[in-house]
Amino acid sequence: MGGLSFQTLLAMLLPWAAWLMGIHGPFTFIVAFMSSLILFGTLLSAGYLLYQLNMIRQGRTSYEINKGQGKEYDIGTMANLKQIFGKNWKFCWLLPWLPSHLYTDGTRFLTVNSYEEIKDL
């Protein structure tokens, strides 16, 4: 019972081929197809999350990255996180509905020069 075999791998990686070749029935095809969709969606979501985290780390948008602009907003990873998620940034990752006071108004952001002036006070 169970075990990893060629038929199992075929059913998971190519569920259409396994079903058309008669290796597995319709129920196994549906389970394998849904599992493949979930895996594909998870990988896409993880890739998008890494892309967004990289932009947060740099303090830039995708437009600014493509145009080579926006480096003046990179005030450090932790400061960028606090500027985006607010004072309760640690909790906003898991519970986004919690109120978290932002440091700016959301239309104007701190630059390297303005952040250094605040830090020096």
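Just the heavy atoms: all of them, side chains too, but no hydrogens, waters or symmetry mates, feed the values below. All residue numbers refer to positions in the sequence shown, counting from 1.
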Transitive ILVMFWY side-chain link [X] to [Y], under 4.5 Å:
X	Y	answer
Leu53	Met78	yes
Ile84	Leu81	yes
Tyr48	Leu44	no
Leu94	Leu98	yes

Considering only heavy atoms from C-beta outward, does the side chain of [X] approach that of [Y] to under 4.5 Å?
X	Y	result
Phe85	Ile56	yes
His101	Lys87	yes
Gln83	Tyr73	no
Asn54	Leu50	no
Thr111	Ile75	no
Gln58	Ile65	yes

How many angstroms lie between [atom1] in [X] and [atom2] in [Y], if you round to the nearest 0.5 Å?
X	Y	atom1	atom2	value
Asn66	Arg60	CG	CZ	9.0 Å
Leu102	Lys82	CG	NZ	14.0 Å
Thr61	Gln52	OG1	CD	10.5 Å
Ser45	Leu49	OG	CG	8.5 Å

Can you give me the closest heavy-atom contact between Tyr103 and Gly86, atom names plus distance?
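Minimum heavy-atom contact is CE1-C, 4.1 Å.
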Please report the shortest heavy-atom distance between Pro99 and Asn88, naming the atom on each side.
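Between these two residues, the closest heavy atoms are O-ND2, 3.1 Å.
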In terms of side-chain heavy atoms, does Asp105 have a donor or acceptor partner in Thr107 at a distance below 3.5 Å?
yes
Is it the case that atom OH in Tyr51 sees more than 12 heavy atoms from other parts of the structure closer than 6.0 Å?
yes
Asn113 vs Glu72, side-chain contact (heavy atoms from CB on, under 4.5 Å): CA-CA, chis, key distance, verdict
CA-CA 8 Å; Asn113 296 333; Glu72 66 270 8; over 6 Å; no
